[in-house]
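These figures come from a predicted structure and were not determined experimentally.
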There are 2 protein chains.
Amino acid sequence: MPEVRSYEAYCSVAKALDLVGERWTLLIVRELMISGPSRYTDLLHGLPGIASNLLVDRLKELEEVGLVNREVAPPPIATSLFHLTDRGHALKPILEELGRWGAPLMENPSGKEAFQSHWLVFPMELHLVDHTPKRPPIKIELRTGEEPMVVETVNGQIRTHRGSADNPNVILEGRPGLILGLLTGRLPLDEARRRGLKLSGDTAVLKRVIPAPD
Amino acid sequence: MPEVRSYEAYCSVAKALDLVGERWTLLIVRELMISGPSRYTDLLHGLPGIASNLLVDRLKELEEVGLVNREVAPPPIATSLFHLTDRGHALKPILEELGRWGAPLMENPSGKEAFQSHWLVFPMELHLVDHTPKRPPIKIELRTGEEPMVVETVNGQIRTHRGSADNPNVILEGRPGLILGLLTGRLPLDEARRRGLKLSGDTAVLKRVIPAPD
DNA sequence: CGGCATCCTCTTTGATACTG
DNA sequence: CAGTATCAAAGAGGATGCCG
């Protein structure tokens, strides 16, 4: 019974919010954007705090308005996958701007927020840059949260994904706020280390991707 | 009593939505962005459908989190003005991306949505361009909704504001969907005219600001 | 009028428990 | 795993009242 409530206003911002302005909706889109096609329970885990029935409702609404498709997997798998349509993917700039605007709010973690390491994907690709794209690619492994993540340079682009690198140039380990602070250029390396960040490997390569201080 | 509900997630998108993700919040910001410092009742009129108590709540929350300031006017005026802080203004890219994403949803008006002419400001500045900035500036008057609006070129920029132009190059009059369709390049001039748009003056100047068809 | 506060009803959500 | 079902709490919408 998902009923799509509308502002009933002839304004494109209002129309957009009619579709993605409800609670949890954009975070579900964020999950699908970061992780690609996902199962119901993957989404449930990636959205700590959401009620299971609410996730069902939202997925139905998103399907109804054409932002998500449900791919019913063939028998052996016994599960189905939710993935973004093109129109759903087109929400990326909105998430990016929200993430950019929200970045300063990450400076003082309350400590009681939930955290999932794959949430780092957005900030990494938003803030990091490859200053010297012609040099051999580098890999950075991040160890924070429940699973490791890899940040790498792929011809001038920053790519971030789950998993371990087989031979990373550097490994960073510590609280997410420290990794984020360091890699977004807000926290100097020695300060991050002083606050508990552990670094191993060739820390010099970090300069290559950390943005210039303003 | 406004309690700021949080997703409690260490993710900048979630943090942003903690502050501006509630119902009506971004539309209030849109109003303040378009109209500048506004009185309570101006906002109430610009947000058809909002409950008066909800507007009060949201304004308090926005004040609390530092996105809006209340300027208590001196005695003779007996009213106060709400205006965006710098941090509030910084939400502009988010509204722009929402507006851009929502634009296709404007193609088929249901006809029963509310409309206010000043809502045209965003789409105009988002879609129109001045193809020949060196030629003398032009002014277009739009007559739709409750008050006229003026679109003008100011050294290469598109400016849109309330009011009448004293000597506009063109005057467009008709349903907002037609004006929007024409000026965003989706509707050819003769088609718009056939559907009821009235044009007077030098319609040739329209080519100067209508975006190239893709 | 402008700027709320109150009261009431209805809907949405959050938390938890249960099922094929 | 992938949802349903249930129920209490919070939020939204609408009407009206109050006060300078």
Test: R175(A) cationic atom under 6.0 Å from Y10(B) six-membered ring centre, within 45° of axis = no

ask   = Should D18(B) and S6(B) be marked as a side-chain hydrogen bond (donor to acceptor under 3.5 Å, both in side chains) after you check the CA-CA gap, both sets of side-chain angles, and the distance that decides it?
value = CA-CA 5 Å; D18(B) 281 346; S6(B) 169; 2.9 Å; yes

query = Pairs in or reaching into residues 95-108 of chain B: which pass side-chain hydrogen bond (donor to acceptor under 3.5 Å, both in side chains), with residues at least two apart or in two chains?
reply = E97(B)-R100(B)

K60(B) vs dA5(C): side-chain N/O to OP1/OP2 distance below 4.0 Å = yes

message = Could you tell me how far apart L47(B) (CG) and dA12(D) (C1') are, to the nearest whole angstrom?
response = 15 Å

note = Taken to the nearest whole Å, CD/E71(B) to P/dG3(C) is 12 Å

key: Length of the CZ-P vector between F82(A) and dC1(D), whole Å   = 14 Å

task = Nearest whole angstrom, please: distance from the C1' of dA12(D) to the CD of E8(A).
result = 16 Å

note = CG (L55(A)) and CG (L44(A)) are apart, to the nearest 0.5 Å, by 5.5 Å

query = Are the side chains of R143(A) and K198(A) in touch, meaning some heavy atoms are under 4.5 Å apart?
reply = no

Nearest-Å distance for atom pair CD1/P, residues I28(B) and dA12(D) = 11 Å

Let me check something: any side-chain donor-acceptor pairs from residues 28-39 of chain A under 3.5 Å, sequence neighbours excluded? List them with distances.
| unit_1 | atom_1 | unit_2 | atom_2 | d |
| --- | --- | --- | --- | --- |
| R30(A) | NH2 | G46(A) | O | 3.3 |
| E31(A) | OE1 | H118(A) | NE2 | 2.9 |
| E31(A) | OE2 | H118(A) | NE2 | 3.0 |
| E31(A) | OE2 | W119(A) | NE1 | 3.0 |
| S35(A) | OG | E31(A) | O | 3.4 |
| S35(A) | OG | R162(A) | NH2 | 2.6 |
| S38(A) | OG | G36(A) | O | 2.6 |
| R39(A) | NE | D42(A) | OD2 | 3.3 |
| R39(A) | NH2 | D42(A) | OD1 | 3.1 |

key: Per-nucleotide protein contact string for nucleotides 9-20 of chain C (B base, S sugar-phosphate only, - none; heavy atom under 4.0 Å)   = ----SBBBB---

message = Measuring from the side chain of R39(A) (C-beta onward, heavy atoms only), which nucleotide among dC1(D), dC4(C), dG2(C) has the closest atom?
response = dC1(D)

